[in-house]
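Take a look at the structure set out below.
Every chain is numbered from 1 and lettered A, B, ... according to where its sequence line falls, protein lines coming before strand lines. Quick note: numbers below take in every heavy atom, side chains included, and nothing from hydrogens, waters or symmetry partners.
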There are 2 protein chains.
Amino acid sequence: MLPRLLWAVEFIVACGEFVIVFLHTISREAMQAKWIYLPALSCSFRVDMVEVRVSPSLEEAHEELVRAFEARKMVVMVAECSVNYSGRTGSQLGNGERLIVLKEDGCVLVHRGRDYQPVNWQPSGCIFQSQVEKGTLVVKAIRPTPLESLTIVTENMHLLASFHLKDEAAFSLHATEEDMQRAILVQPDLIEAGLKIVDFEKKVAPGFVDIYALDREGNTVVIEIKKDPAGFPAIKQLSEYLKHLQPAPGRRLRPIIVAPSLAKGAQPVVAKMGIEFKQLGLQKAAEVLQSHASSDQKVLKGWLGS
Amino acid sequence: MLPRLLWAVEFIVACGEFVIVFLHTISREAMQAKWIYLPALSCSFRVDMVEVRVSPSLEEAHEELVRAFEARKMVVMVAECSVNYSGRTGSQLGNGERLIVLKEDGCVLVHRGRDYQPVNWQPSGCIFQSQVEKGTLVVKAIRPTPLESLTIVTENMHLLASFHLKDEAAFSLHATEEDMQRAILVQPDLIEAGLKIVDFEKKVAPGFVDIYALDREGNTVVIEIKKDPAGFPAIKQLSEYLKHLQPAPGRRLRPIIVAPSLAKGAQPVVAKMGIEFKQLGLQKAAEVLQSHASSDQKVLKGWLGS
DNA sequence: CGTGCCAGGTGCCAT
DNA sequence: ATGGCACTTGGCACG
């Protein structure tokens, strides 16, 4: 067993099927360091999954960072640092402890103790650099277009972990505005019986009409879909489209807003402008898509082909 | 020294001024566990900063999570998990390895190996729960309003770190749209000589006019500021305001868009609608504010007081 | 590449 | 709480 108080753990690293512990002697007279190799205990534990260093020196951290960048591993750091951003605008953040994440696709997150949003970040596609400079570790993330750079100057590293996340799973988000559109496409009578879809995402001067259709009497139906309660922006958007559309001769133009509800003051305006409102929520749209699970593929393929 | 191959490190914990290493014997016949207490090496290293567990059992992870929640510590996990979200909409994410962050203010981030954005998250103000259930660790983050819940089911925990981030530093972001507004307020001749500011963030029916002023001939100037190239949305916004404003008798209404540039098709529309365009970028605005560093305080105070 | 639009947008501040 | 709006918005689709 370890002679108590004589050795201190410098850091612990998982490597292959071994756990490596790096120890320092405490005695100042005979300072020496040792690596100890220990076999991993559990078979269910992928011991090479996470490489962890507790309170590494900045030189060690730098070396590990370079290795991680080359191996395209994700890096998580808990460090005392200051952060500087320069690009589309610029920002400065004084010294303090933060959680820093560098991902394999070249994005960066700098998180403080609070808030959902990172205080500083860089989107995917950055080039990472690490260097030790005047007793600090300087990590840079440079994004080529638009040119912007994030500089993290670390004085003190508390934790450095690097690893590769194995993650092939699919992510599915239920019920988006696009789902509402698809629900109407596969089942137009959600709006009214006899509706014939003519087009969707139809380009008109100011933008794109969500759905463009004909009712059973040949009137042109223009549908604007909102997943949230529809307010003035939706009304304005729809009315802009109307200016650039006209019905068949002798027919009417029927603007319809499809949304779970109308925003507070919107009802009178909608009425005044001759816009119809059809209630449809995400839930219902999801159910419709579910029930058409097999057939909607065909329908959408048909639309895409046309 | 440690007899090689006889002991394996289960996890390492920083606690007070000691580093605690938990060891298992490898020999199956005489399986036993030991805690070893080692004094921390470096004085500059706040050894109680980060508590780390490499590959803890789910029960241990649960206990540590509960402690961290109670102590309002930040938690970082690398774990194999599946994630379920239900609330404003819903989502499902199958099994895979992810980085999970729980912050002291009750927000959650679930990050995959790529992408700037978290695949799942929860904003601040959530209540955290942890329980071990049928061989899995279930962590829930529930947000009361709007009611939504995030459920993380972990099968395998690779790393669990908990800590409190000491971070009092100020964050300053340079050159925002607000800075452009302030630059014009302290130096109205950025727009044109003789301009007199009357009001800003003036409420009109559809929203707020950025800056409301009079030119030297008494015409009413209505300014809409954009920090990015101004497109049709900016034009629409400004033209909406115009409908609800009128100049002094015998004077004109002069709508002006202030932006670094005009979006491609916007120029003819701006011309046709009688909107003026004045080029101003974030850079220039920042310089102006810099040069007025001392005096702008007074000016802004004046505005705030009025 | 720019332009337009959606997002479980988030965040800030107003009524 | 709801509304209006900026944000280093990010992200996707499309000319």
Donor-acceptor list for residues 263-277 of chain B side chains, cut-off 3.5 Å, not counting sequence neighbours:
unit_1	atom_1	unit_2	atom_2	d
B:E276	OE1	B:R254	NH2	2.8
B:E276	OE2	B:R254	NE	2.7
B:E276	OE2	B:R254	NH2	3.3

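- Within the 4.0 angstrom heavy-atom criterion, no nucleotide atom of any strand lies near B:G87.
- For C:dC6, one of the phosphate oxygens OP1 or OP2 lies less than 4.0 angstrom from a side-chain nitrogen or oxygen of A:K226.
- Side chain to side chain, B:N84 and B:S91 fail the donor-acceptor criterion of an N or O pair below 3.5 Å.
- To the nearest angstrom, P of C:dG8 lies 15 Å from CG of B:N84.
- The side chain of B:R88 places no N or O atom within less than 4.0 Å of a non-bridging phosphate oxygen (OP1 or OP2) of C:dA7.
- Nucleotides D:dT8 and D:dG4, compared at atom P, are 23 Å apart to the nearest Å.
- Protein atom CG of B:D105 is 14 Å distant from nucleotide atom P of C:dT10, rounded to whole Å.
- Of the residues in residues 110-126 of chain A, those with a non-hydrogen atom less than 4.0 angstrom from any atom of DNA chain D are A:V119, A:N120, A:W121, A:P123.
- Heavy atoms only, all atoms of each residue included: A:K226 and A:P260 are closest at O-CD, 3.3 Å.
- In this structure, A:L173 and B:F208 both approach DNA chain C, and ranking their closest nucleotides by distance from the 5' end singles out A:L173.
- Comparing A:F171 and B:A263 along DNA chain C, the residue whose closest nucleotide (by nearest heavy atom) sits nearer the 5' end is B:A263.
- Residues meeting the side chain to side chain contact (heavy atoms under 4.5 Å, CB included) test with B:I127, sequence neighbours left out: none.
- Atom NE2 in A:H244 sits about 15 Å away from atom C1' in C:dG4, given to the nearest Å.
- Contacts between residues 143-154 of chain A and DNA chain C, counted as heavy-atom distances below 4.0 Å, involve A:T145.
- Backbone-only engagement by B:T176 is indicated by non-hydrogen atom pairs under 4.0 Å involving sugar-phosphate atoms exclusively.
- For the atom pair NZ (A:K73) and CG (A:L65), the distance works out to 11.0 Å, reported to the nearest 0.5 Å.
- The two residues A:N95 and A:S82 come nearest to each other via the heavy atoms OD1-N, 3.7 Å.
- When every heavy atom of A:D179 is checked against every heavy atom of A:L173, the shortest pair comes out as OD2-O, 4.2 Å.
- For A:D228 and C:dC5, the CG to P distance is 17 Å, given to the nearest whole Å.
- The nearest whole Å value for the distance from the CG atom in B:L109 to the P atom in C:dT10 is 12 Å.
- Nucleotides C:dG8 and D:dC5 place their P atoms 23 Å apart, quoted to the nearest Å.
- Straight-line distance from the NZ atom of B:K203 to the P atom of C:dC13: 18 Å, rounded to whole Å.
- Relative orientation of the A:W121 and B:Y116 rings is tilted, given thresholds of 30° and 60° on the angle between their planes.
- Residues B:D115 and A:S124 have side chains that never bring a donor and an acceptor to within less than 3.5 angstrom of each other.
- Using a 4.5 Å heavy-atom threshold, the side chains of A:L109 and A:I100 count as separate.
- Along DNA chain D, the stretch of nucleotides lying under 4.0 Å from any heavy atom of chain B spans, 5' to 3', D:dG4 to D:dG11.
- Looking at residues two or more places apart in sequence or on another chain, you find a salt bridge (Lys or Arg N to Asp or Glu O under 4.0 Å) between A:D167 and B:R98, B:R112.
- Distance alone, capped at 3.5 Å, places no donor-acceptor pair between the B:E104 side chain and the B:M74 backbone.
- One interatomic measurement links the two molecules: CZ of B:F232 to P of C:dT3, which rounds to 10 Å at whole-angstrom precision.
- The distance between atom NZ of A:K227 and atom C1' of C:dC5, rounded to the nearest whole Å, is 13 Å.
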